[in-house]
A.B. asks: 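The structure is given below, and queries will be raised subsequently.
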Amino acid sequence: MIILKEYLKEKGFITNNEALKLGISRHKLAEFVNRGELERVKNGVYKKKDDVDDEFALISYNNEKVVFSFHTALFLLELSDRSPNCFHISVPQGYNVRHIKRKINNIKVHYIKKENFDIGIITIKTALGNEVKCYDMERSICDIVSKRNIIDKQIFVDAITRYFNNKGKNMRKLIKYSRILGVEDEIRKYMEVL
């Protein structure tokens, strides 16, 4: 149980496969659940009893092709203060998300062309310390510019302003991404203004 406690302290969750790698069988995990030491979060995923749920980690766990994007990415990247009222995720075109939608109600799925899906994926820590995949600042800015007509105006202006005031911005990368994603002219207009 000591190895399991250490793992849960670091990661927050453990899957059946991860437990097997640590030498802990599914039967043993079920035993910990029965004793009230672990809680089954969803099929094959466990957490310490009474730990706060990290919904970001729950969505991305066991979903390798899920990347947080749009409003959710802006929030994770601190380009927006507004906690998203639904989780925005991006997946490659053709990816089946029914299994995710069954478990999480408040989710908005964006289907991305396969050749553009991997552009700008980073790993970021949630407020509870779990690592999840998210698009980087430059990709997120390109995404909201491409959908600016349906993005909340206040979130849009706040994110653009914060990005251009951010010391960590990478203008070369922004132009490169914007060219690939077909929003270079619009991005250059914002660069001139800001």
Side-chain angles (χ1 to χ4, degrees), residues 1-80 82-137 139-140 143 168:
M1 185 65 179
I2 294 168
I3 295 170
L4 182 60
K5 282 182 182 175
E6 290 295 316
Y7 190 90
L8 289 169
K9 187 176 180 182
E10 183 184 329
K11 300 282 187 181
F13 297 92
I14 191 163
T15 65
N16 285 332
N17 291 338
E18 291 164 342
L20 283 173
K21 288 177 187 170
L22 295 174
I24 303 165
S25 69
R26 292 176 188 216
H27 177 73
K28 197 73 176 163
L29 289 173
E31 196 177 297
F32 290 138
V33 170
N34 290 335
R35 288 199 316 233
E37 295 174 37
L38 284 182
E39 187 177 323
R40 185 174 168 267
V41 179
K42 64 180 188 178
N43 198 14
V45 180
Y46 302 86
K47 70 176 181 101
K48 235 169 79 185
K49 186 83 168 159
D50 301 326
D51 265 6
V52 177
D53 283 346
D54 185 341
E55 287 189 284
F56 294 101
L58 283 175
I59 292 167
S60 64
Y61 235 67
N62 285 343
N63 295 306
E64 206 159 297
K65 290 294 184 188
V66 168
V67 177
F68 289 107
S69 57
F70 291 89
H71 300 69
T72 307
L74 296 175
F75 177 74
L76 288 168
L77 295 163
E78 297 180 0
L79 293 177
S80 173
R82 207 181 295 180
S83 181
N85 56 358
C86 82
F87 293 97
H88 288 258
I89 62 169
S90 288
V91 297
Q93 283 180 338
Y95 185 75
N96 187 344
V97 293
R98 269 183 280 170
H99 64 286
I100 301 170
K101 285 186 165 184
R102 271 196 305 260
K103 293 176 177 99
I104 311 282
N105 295 330
N106 54 341
I107 202 153
K108 170 79 173 126
V109 180
H110 302 271
Y111 293 94
I112 309 297
K113 289 180 185 174
K114 288 180 182 176
E115 63 268 19
N116 294 338
F117 179 73
D118 291 331
I119 297 169
I121 295 176
I122 60 169
T123 302
I124 194 165
K125 286 198 173 196
T126 67
L128 294 173
N130 294 301
E131 290 187 349
V132 296
K133 285 192 275 188
C134 168
Y135 282 129
D136 65 12
M137 288 193 295
R139 172 64 187 260
S140 296
D143 284 346

A.B. asks: Indicate yes or no: at least one non-hydrogen side-chain atom of Leu76 is less than 4.5 angstrom from one of Val132.
C.D. replies: yes
A.B. asks: Please test His71 against Leu79 for side-chain contact (heavy atoms from CB on, under 4.5 Å), starting from the C-alpha separation and ending with a verdict.
C.D. replies: CA-CA 9 Å; His71 300 69; Leu79 293 177; over 6 Å; no
A.B. asks: Under 4.5 Å between any side-chain heavy atoms of Phe32 and Leu4, yes or no?
C.D. replies: yes
A.B. asks: Is the backbone of Thr126 close enough, under 3.5 Å, to the side chain of Asn130 for a donor and an acceptor to pair up by distance?
C.D. replies: no
A.B. asks: Does Lys133 reach the main-chain N or O of Val66 with its side chain, forming a donor-acceptor pair under 3.5 Å?
C.D. replies: no
A.B. asks: May I ask you to test the Ile24-Leu29 pair for a side-chain heavy-atom distance under 4.5 Å?
C.D. replies: yes
A.B. asks: Of all the heavy-atom pairs spanning Arg40 and Gly44, show the shortest one and how long it is.
C.D. replies: NE-N, 4.4 Å
A.B. asks: If you take all heavy atoms of Ile112 and Ser90, which pair is closest and at what distance?
C.D. replies: CG1-CB, 3.7 Å
A.B. asks: Using the test ring pair (Phe, Tyr, Trp, His ring centres under 6.0 Å), find all partners of Tyr46 that sit at least two apart in sequence or belong to another chain.
C.D. replies: none
A.B. asks: Among pairs that include at least one residue of residues 107-122, which meet side-chain hydrogen bond (donor to acceptor under 3.5 Å, both in side chains), considering only residues two or more places apart or in two chains?
C.D. replies: His88-His110
A.B. asks: Compute the centroid of each ring, for Phe87 and then for Phe56, and state whether the two points are separated by less than 6.0 Å.
C.D. replies: yes
A.B. asks: Could you tell me which non-hydrogen atom of Lys47 sits nearest to which non-hydrogen atom of Leu8, and how far apart they are?
C.D. replies: CA-CD2, 4.3 Å
A.B. asks: Applying side chain to side chain contact (heavy atoms under 4.5 Å, CB included), name anything that partners Glu18, two or more places apart in sequence or on another chain.
C.D. replies: Tyr7, Ile14, Thr15, Tyr61
A.B. asks: Working note: His99 + Asn63, criterion side-chain hydrogen bond (donor to acceptor under 3.5 Å, both in side chains); need CA distance, chi angles, decisive distance, verdict.
C.D. replies: CA-CA 10 Å; His99 64 286; Asn63 295 306; 2.8 Å; yes
A.B. asks: Side chain of Arg139, backbone of Ile119: donor and acceptor closer than 3.5 Å?
C.D. replies: yes
A.B. asks: Quick check: closest heavy atoms across Ile124 and Cys134, and the distance to 0.1 Å?
C.D. replies: CG2-CB, 3.7 Å
A.B. asks: Around atom CD of Gln93, are there more than 12 heavy atoms from other residues, nucleotides or ligands closer than 6.0 Å?
C.D. replies: yes
A.B. asks: Does the side chain of Glu39 come within less than 4.5 Å of Val45's, by heavy atoms?
C.D. replies: no
A.B. asks: List the steps, then state whether side-chain contact (heavy atoms from CB on, under 4.5 Å) holds for Val109 with Tyr95.
C.D. replies: CA-CA 10 Å; Val109 180; Tyr95 185 75; over 6 Å; no
